[in-house]
Amino acid sequence: MKFLTALSIGALFGIGIFQVLRRNLIRSAIGLILLTNAVNLFLLSTGAYDGFFPAYVNRLAGTESDALPQALILTAIVISMGATAFMFAVMIVISGRYRTSDSDAVSGLKQ
């Protein structure tokens with residue numbers, strides 16, 4: 001199961017990198033979303049271990065689950081949603097001004 005998880009996270013990361021390197025701004029945005037999801041899954045798979053009891057509940061004998069990876073991923077999800085909203089707002093302005101989503105056709109960004 002660990003091999004399948006690693007393979008799927010690697011494929012998601014590879015597809016995200018491929019989409020980020022495209023010339024279309026919309027595909028680049030989707031690629032960035034895929035990258036953030038791949039990183040979140042990677043953090044979850046490496047930081048989580050099989051605990052027998054929930055974290056911060058009655059201190060029973062045994063291994064407790066670690067709540068830190070889930071807290072980090074929740075923070076990363078909130079930050080990535082803010083970055084995605086900003087990225088889509090910039091794309092709306094660019095597509096409204098230049099009437100295209102192709103980054104090569106946008107000449108006002110070059111100096």
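Scope of the values below: all heavy atoms of this structure, side chains included, with no hydrogens, waters or symmetry mates.
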Could you note down all residue pairs passing salt bridge (charged side-chain N to carboxylate O under 4.0 Å, His left out) where residues 27-42 supplies at least one of them, sequence neighbours left out?
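For residues 27-42, and leaving out neighbouring residues, there are no salt bridge (charged side-chain N to carboxylate O under 4.0 Å, His left out) pairs at all.
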Which residue pairs pass the salt bridge (charged side-chain N to carboxylate O under 4.0 Å, His left out) test with at least one member in residues 88-102, sequence neighbours excluded?
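Checked against salt bridge (charged side-chain N to carboxylate O under 4.0 Å, His left out) - neighbours excluded - no pair reaches residues 88-102.
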What is the minimum heavy-atom distance between [X] and [Y], and which atoms define it?
X	Y	result
Leu34	Gly16	CB-CA, 4.0 Å
Val20	Gly31	CG2-C, 3.6 Å
Phe88	Ala29	CE2-CB, 3.8 Å

Set of residues satisfying side chain to side chain contact (heavy atoms under 4.5 Å, CB included) with respect to [X], sequence neighbours excluded:
X	result
Leu25	Met91, Ile94, Ser103
Leu41	Ile9, Leu12
Phe18	Arg22

Once you round to the nearest 0.5 Å, how far does CD1 of Ile73 lie from CG of Leu44?
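Separation between the atoms: 4.0 Å.
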Report the distance from atom CD1 of Ile15 to atom CD1 of Ile30, rounding to the nearest 0.5 Å.
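Rounded to the nearest 0.5 Å, the CD1-CD1 separation comes to 12.5 Å.
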With a 4.5 Å limit on heavy-atom distance, are the side chains of Thr5 and Ser45 in contact?
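In contact.
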Evaluate the criterion side chain to side chain contact (heavy atoms under 4.5 Å, CB included) for residue pair Ile33 and Asn37; output intermediate values, then yes/no.
CA-CA 6 Å; Ile33 293 169; Asn37 287 333; 3.9 Å; yes
Walk me through it: do Gln19 and Leu32 pass the test side chain to side chain contact (heavy atoms under 4.5 Å, CB included)?
CA-CA 8 Å; Gln19 291 298 325; Leu32 191 62; over 6 Å; no
Determine whether Val90 and Tyr98 fall in the same hydrophobic cluster, where Ile, Leu, Val, Met, Phe, Trp and Tyr are linked whenever their side-chain heavy atoms lie under 4.5 Å apart.
yes
Connected hydrophobic set around Leu7, excluding itself, where side chains approach under 4.5 Å:
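Phe3, which link up through side-chain heavy atoms under 4.5 Å apart, make up the rest of the cluster.
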Tell me, please, which residues at least two apart from Ser28 pass side chain to side chain donor-acceptor pair (under 3.5 Å).
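Per chain and number, Ser28 pairs via side chain to side chain donor-acceptor pair (under 3.5 Å) with no residue.
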Which pairs of donor and acceptor atoms, one on a side chain in residues 78-87, lie under 3.5 Å apart (sequence neighbours left out)?
{"residue": "Ser80", "atom": "OG", "partner": "Ala76", "partner atom": "O", "Å": "3.2"}
{"residue": "Ser80", "atom": "OG", "partner": "Ile77", "partner atom": "O", "Å": "2.9"}
{"residue": "Thr84", "atom": "OG1", "partner": "Ser80", "partner atom": "O", "Å": "2.6"}

